[in-house]
There are 2 protein chains.
Amino acid sequence: MKIKDIANLTGLSVATISRVMNNHPNVSPETREKVESAIAETGYVPNFLGRNLRVSKTHKILIILPTAGNPFYSEILEAIQEQANHSEYTILIGVTNEDPTLENKYMEMLTTKQVDGAITFLSKYDKYALTQWASQYPLVQCCEYTEGAQITNISVDNEQGAYDAVSYLIRKGHTRIGAIRGQLYFASESDRTAGYKRALEQAGIKYRPEYCHIADYTPEGGFRGAKALMALEEPPTAIFAYGDTIAIGVIKALSETGHIRVGRTDGVRNVAVIGFDDIQLSGMLSPTLSTVYQPKYELGKKSFRLLMDQINKGSDNKECYSIKLMHKLVIRESSEL
Amino acid sequence: MKIKDIANLTGLSVATISRVMNNHPNVSPETREKVESAIAETGYVPNFLGRNLRVSKTHKILIILPTAGNPFYSEILEAIQEQANHSEYTILIGVTNEDPTLENKYMEMLTTKQVDGAITFLSKYDKYALTQWASQYPLVQCCEYTEGAQITNISVDNEQGAYDAVSYLIRKGHTRIGAIRGQLYFASESDRTAGYKRALEQAGIKYRPEYCHIADYTPEGGFRGAKALMALEEPPTAIFAYGDTIAIGVIKALSETGHIRVGRTDGVRNVAVIGFDDIQLSGMLSPTLSTVYQPKYELGKKSFRLLMDQINKGSDNKECYSIKLMHKLVIRESSEL
DNA sequence: AATGGGATTGTAATCGTTTTCAACCCCATT
DNA sequence: AATGGGGTTGAAAACGATTACAATCCCATT
């Protein structure tokens with residue numbers, strides 16, 4: 001069942017059928033009526049493969065994620081989905097798991113016209129290559145940015161966020177502050193590390209490399225990291241985790257080792273924990289997690305809008321924006337016990 | 001830059017270029033060489049819109065999810081992604097948020113040839129419509145099934161899983177066992193409810209409707225549910241949650257009300273909790289969560305394989321399979337304290 | 001030298017749409 | 001009655017690839 005069948009059925013030409021399908025004006029009410037009833041009868045639906053080729057559009061956008069498991073991304077994804085549902089676009093996701101081959105494979109979906117644009121959550125691209133991509137195709141970078149690349153990106157100020165968190169811990173009297181970070185795969189990590197160091201420095205606290213532990217963004221990573229930190233001969237009294245998923249594991253580890261006890265009565269001071277992201281779960285932990293809030297809904301919504309702007313504007317998208325959204329230090333129990 | 005440009009550049013015909021691109025035999029080593037270097041020089045990449053139309057394939061499959069936020073789905077998605085990465089398919093996700101309009105919109109991506117097949121995680125379709133879809137397009141139902149519909153589906157035995165969990169609680173001496181379930185949007189819920197009831201009945205315990213609380217599959221839902229159950233004049237001594245995301249909130253609520261205390265010394269008995277799914281987080285809670293394990297990796301992998309089989313087999317896919325994978329009761333702390 | 005056949009290449013149709021341009025009809029205006 | 005113009009429609013050319021079929025070439029065999 002194709003457009004020609006409807007044409008034959010109604011005795012009209014394919015052009016007219018097409019016009020009806022696309023709500024063009026200049027088609028008489030009678031023929032429109034006739035075509036529509038024929039379509040209804042036969043259950044005809046247009047073949048997008050033909051249409052896509054002709055108009056050179058896919059009405060699909062690609063979301064490139066480093067990992068599928070992190071609720072932080074899920075929440076942003078949800079916002080993007082919501083926007084997409086209100087548009088005529090559907091979203092397609094690609095997970096790279098830090099495999100550069102896959103990163104390229106996904107990027108090539110732009111050149112091969114499989115998608116109209118992309119939102120990437122990665123940052124460790126070659127800046128020249130990335131600039132190149134961005135100049136040719138609709139592309140926005142979300143939650144990250146690549147130093148020196150010309151591409152519109154949107155994120156929070158990670159340096160300041162980390163600074164705020166660590167400064168807060170210092171103000172609470174902590175001087176031995178550990179950090180559990182990712183593997184420097186993201187620009188956000190370097191920034192958070194910079195903020196961490198700036199806070200220490202400003203307070204006159206010496207930076208101790210052994211307090212900086214590397215993990216992946218999972219509870220297990222945080223769990224092992226916290227165990228390692230607490231095994232030092234002079235363990236930290238507070239831990240800053242670069243992601244709430246990490247913090248979950250940190251809290252678990254500290255609970256196991258007795259360094260955190262909700263409603264503790266033995267007079268020992270609990271180790272303080274602050275995370276990053278403010279995923280929905282963080283209010284459900286015991287103790288509830290203090291963290292640096294990222295406006296995930298806004299990040300997702302705005303990314304989508306920025307991408308749409310580029311897609312609709314056409315190829316003269318020379319101007320790139322670098323947008324920072326506000327973060328917020330959210331104090332719950334884990335830093336207060 | 002299209003295939004014709006390469007043809008002109010090399011003085012060959014488009015057919016030959018196409019043959020080189022698709023690794024056809026019967027193209028002489030010299031011309032292949034010549035074409036390949038021309039491609040390398042110009043950076044030509046084929047336009048998939050043209051190719052897709054011609055071969056009538058998109059090399060994309062759609063995953064229809066009820067929600068984006070549940071880690072249970074994320075983990076299955078991860079498995080599907082992994083499979084897809086090893087194939088020439090990319091996955092596309094659609095989230096319905098229980099909106100029937102969206103469900104249909106996503107299903108129509110099959111008829112409009114936007115995707116080659118779909119894996120759905122929903123179950124509340126009209127069985128006739130669903131059978132119709134499945135007979136015409138590659139389609140598998142994952143984690144759910146629809147009574148009376150002819151469609152291959154794969155899931156665990158939810159009835160038995162719930163039965164196992166509740167029976168275990170009964171064996172531990174509980175007789176007042178609450179349940180927090182979803183809103184009957186899924187077949188799996190009805191099955192779990194049936195299992196819950198069967199276990200009670202077998203033990204001679206009367207089913208009490210007020211012990212059955214309805215929530216959505218979020219920690220917040222579980223939180224409110226548990227609070228409600230504990231507010232009854234005769235509160236349950238154990239709670240079976242229909243999903244680990246729910247159980248997270250249940251544990252939080254019980255911790256707050258003092259019905260759960262890790263390492264409790266006051267002699268009061270903790271309320272036991274068992275969840276469902278065994279998401280990665282469940283080992284990171286305090287207390288760690290006892291739950292009914294679902295083989296998420298296998299569910300994802302197998303779904304993908306089944307879909308590929310249908311896609312490759314062509315339109316004579318008359319036979320449908322209904323596959324059950326093994327669940328497993330995983331006992332951790334939350335049912336033992 | 002003629003024949004046959006396998007390997008290689010080219011021609012042109014095809015996939016299902018959209019869209020330009022021309023053609024047509026009908027009616028009001030002159 | 002001729003003209004002009006708006007409103008509708010159709011014919012045919014795209015879009016960029018794949019592929020059936022025909023054509024050609026080259027070489028071994030007779």
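Bear in mind that the values here come from a model prediction, so they are computed numbers and not experimental data.
At its two ends the helix from C:dA1-D:dT30 to C:dT30-D:dA1 runs along axes set 60° apart, each axis drawn from five pairs and the angle rounded to 10°.
Only one option out of A:Thr120, A:Thr146, A:Asn104 pairs with A:Tyr125 in a side-chain hydrogen bond (donor to acceptor under 3.5 Å, both in side chains); it is A:Thr120.
Between the NZ atom of A:Lys2 and the C1' atom of C:dT17 there is a distance of 11 Å, rounded to whole Å. Residue B:Phe48 contributes atom CZ, which lies 17 Å from atom C1' of C:dC15 at whole-angstrom precision. Nucleotide C:dC15 holds its P atom 19 Å from the CG atom of B:Asn47, rounded to whole Å. Atoms CG (A:Asn52) and P (C:dC15) sit 18 Å apart, rounded to a whole Å. Note: CD1 (A:Ile3) to C1' (C:dG16) measures 8 Å, nearest angstrom.
DNA chain D is contacted by B:Ala15, B:Ser18, B:Asn22 of residues 7-43 of chain B, taking any non-hydrogen atom closer than 4.0 Å.
Under a 3.5 Å cut-off, the side chain of B:Thr42 and the backbone N or O of B:Ala38 do form a donor-acceptor pair.
The ring-ring contact (aromatic ring centres under 6.0 Å, His included) pairs that include a residue from residues 27-84 of chain A are A:His59-A:Tyr89, A:Tyr73-A:Phe121, where partners are two or more places apart or lie in different chains.
Between A:Tyr44 and C:dG16, a side-chain N or O to OP1/OP2 separation shorter than 4.0 Å is absent.
No hydrogens or angles were tested; on distance alone, nothing pairs the side chain of A:Arg54 with the base of C:dT17 as donor and acceptor under 3.5 Å.
For DNA chain D, the span of nucleotides reached by chain B at under 4.0 Å from its heavy atoms goes, 5' to 3', from D:dC15 to D:dT19.
With sequence neighbours excluded, the residues that form a side-chain hydrogen bond (donor to acceptor under 3.5 Å, both in side chains) with A:Asn22 are A:Ser18.
Among the heavy atoms of the strands, none lies under 4.0 Å from B:Leu49.
The 12-atom threshold is not exceeded at NZ of A:Lys4, counting heavy atoms of other residues, nucleotides or ligands nearer than 6.0 Å.
Annotation: side chain of B:Met21 is in contact with side chain of B:Ile39 (closest heavy-atom distance under 4.5 Å). With contacts defined as side-chain heavy-atom distances shorter than 4.5 Å, the pair B:Arg19/B:Val35 does not qualify.
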Let me have the donor-acceptor pairs involving side chains of residues 297-304 of chain A, under 3.5 Å, with sequence neighbours excluded, atom names and distances please.
residue, atom, partner, partner atom, Å
A:Tyr297, OH, A:Glu82, OE2, 2.9
A:Ser303, OG, A:Leu299, O, 2.5

